[in-house]
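Numbered from 1 within each chain, the chains take letters A, B, ... in sequence-line order.
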Amino acid sequence: MTTLTLRPPPRFNLPRAVCSYGYFVLPPNRWDVATQALHRPLRTAGGRVVKVVVRQRADGVLVAACHRTVPRADHGALKNQLRRMLRLDEDLSAWHAAHAVAKTQRFDRMYRSPTLFEDVVKTITSCNVTWPNTISMNRLMVEHVGHGGFPTPEQLADFGEARLKERCRVGYRAQRIVRLARDVLAGSVDLAWFETPGRTSDELFEGFRSLYGIGPYAAGNLCHLVGVYDRLAIDTETYRHFCNTHKLTRPKASDAAGLKRLEKTISVHYGRYAPFQFLAYWFDLWQDYQARCGPAWRWDRDTDGASFTASKM
DNA sequence: GGTAGACCTGGACGC
DNA sequence: GCGTCCAGGTCTACC
């Protein structure tokens, strides 16, 4: 059994960092409320699944216990995945300066996946579907395709659309997921491009939009997942939350002009936090969830964690 | 540029 | 148990 250690930035808090974004509820992530530890299978460069349990010691250091001995050559790859998930390398001091309340609440590092590929697939499974169904799709993909870990592009490409639809109940998303996997393997989609420093927000947004199955909402969401926060990912949940909070009447789905005006109002409201609009929006939304269900690091995955959806809030 | 309909699933609801 | 309706974001065809 191998144990890895990582030194996080000052004031880093593992429960807050993990339980900061809905993807922490999606398999193969599992947050253990009793021990305040993250259980998460990762992959070595060779594709082998390594079950990892991450805890934070009293001195702040993160300890990742692997369920088996991992060759030293793979330590760096596992650590890099953990660094990405917890955004250990992001400098968010400007965000803290822009939002004093969020700083006090230690809301900054929004949880994400070990790879951008997984984040894109998870985003596709979150579109046009209720949250419990998103959880189910990810659980079935981990079970049937990834054999305990999140599926790789190779595994998804091999699995194929028909089986993905049938076994993992992803519906028409099967075509989008398998096409993404095959494009990544063929090299026609280079996900590393999106994580290269220096990309502008417009470049990233348009780049994500060019992926089949990624619309405006998904592209906005993916921008924050690569560390660019100046775009909102507006969906029905945004409408619900904003109208409730600001005592506005929510336009009907058929009222395109009303929805457009509402989007403008939302954009102006969060514009004061530029270039951190998404963080400010998510802070408000997350505070709202926690006001209803208690601290996120105490949520039960099968009850509280399964309840986010506009129609249930 | 704007709009309508199709895509697909799970859950709620009425019978 | 069965049928119907609904929520949800994106794509495509059409105006």
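Salt-bridge formation is not detected for the pair A:E206/A:R209: no Lys NZ or Arg NE/NH1/NH2 atom is positioned less than 4.0 Å from an Asp or Glu carboxylate oxygen. Remark: A:R43 does not engage A:E154 in a salt bridge, criterion side-chain N to carboxylate O under 4.0 Å. Between A:E161 and A:K165 there is no salt bridge, since no side-chain N of the basic residue sits under 4.0 Å from a carboxylate O of the acidic one.
One can place OH of A:Y172 at 13 Å from P of C:dT12, the figure rounded to the nearest angstrom. With rounding to whole Å, A:E166 atom CD is found 12 Å from B:dG10 atom P. Note: CZ (A:R240) to P (C:dG8) measures 10 Å, nearest angstrom. The nearest whole Å value for the distance from the CZ atom in A:R176 to the P atom in B:dT9 is 13 Å. Nucleotide C:dT10 holds its P atom 14 Å from the CG atom of A:L259, rounded to whole Å. For A:W131 and B:dT9, the CH2 to P distance is 19 Å, given to the nearest whole Å. As rounded to whole Å, 13 Å separates atom P of B:dC8 from atom CD1 of A:I177. Atom CD1 in A:I124 sits about 20 Å away from atom P in C:dG8, given to the nearest Å.
For A:K122 against A:P28, the heavy-atom pair with the smallest separation is NZ-CD, 4.0 Å. Scanning both residues, A:G22 and A:W282, for their nearest heavy atoms gives N-CZ2, 4.4 Å.
Judged as a side chain to side chain donor-acceptor pair (under 3.5 Å), the pairs with a partner in residues 82-103 of chain A (not counting sequence neighbours) are, in order, A:R83-A:D89, A:R84-A:D119, A:R84-A:E195, A:R87-A:E90, A:R87-A:H224, A:R87-A:Y229, A:E90-A:Y229, A:D91-A:S93, A:H96-A:D108.
Here A:R169 reaches the OP1 or OP2 of B:dG10: one of its side-chain N or O atoms lies under 4.0 Å away. One finds no side-chain N or O of A:T130 lying less than 4.0 angstrom from the OP1 or OP2 phosphate oxygen of B:dT9.
Of the candidates B:dC8, C:dT10, B:dG10, the closest approach to any side-chain atom of A:K165 belongs to B:dC8. For A:R173, the side-chain atoms get nearest to C:dG8 when compared with the rest of C:dG9, C:dG8, B:dG10. If you check C:dG8, B:dG10, C:dG9 against the side chain of A:N133, the one that comes closest is B:dG10.
Between the side chains of A:R231 and A:S201, at least one donor-acceptor pair of N or O atoms lies under 3.5 Å.
Between the A:Q155 side chain and the A:T152 main chain, a donor and an acceptor come within less than 3.5 Å of each other.
Aromatic ring pairs are classed by plane angle as parallel below 30°, tilted from 30° to 60° and perpendicular above 60°; the pair A:H246 and A:H269 is perpendicular. Under the 30°/60° scheme for interplanar angles, the aromatic rings of A:Y273 and A:Y270 are found to be tilted.
An angle of 40°, rounded to 10°, separates the two end axes of the helix from B:dG1-C:dC15 to B:dC15-C:dG1, each defined over five pairs.
Sequence order on DNA chain B of the closest nucleotides to A:N128 and A:S136 puts A:N128 first from the 5' end. Nearest-nucleotide positions on DNA chain C place A:D235 closer to the 5' end than the other of A:D235 and A:R179.
Non-hydrogen atoms lying under 4.0 Å from DNA chain B are contributed by nothing in residues 206-229 of chain A.
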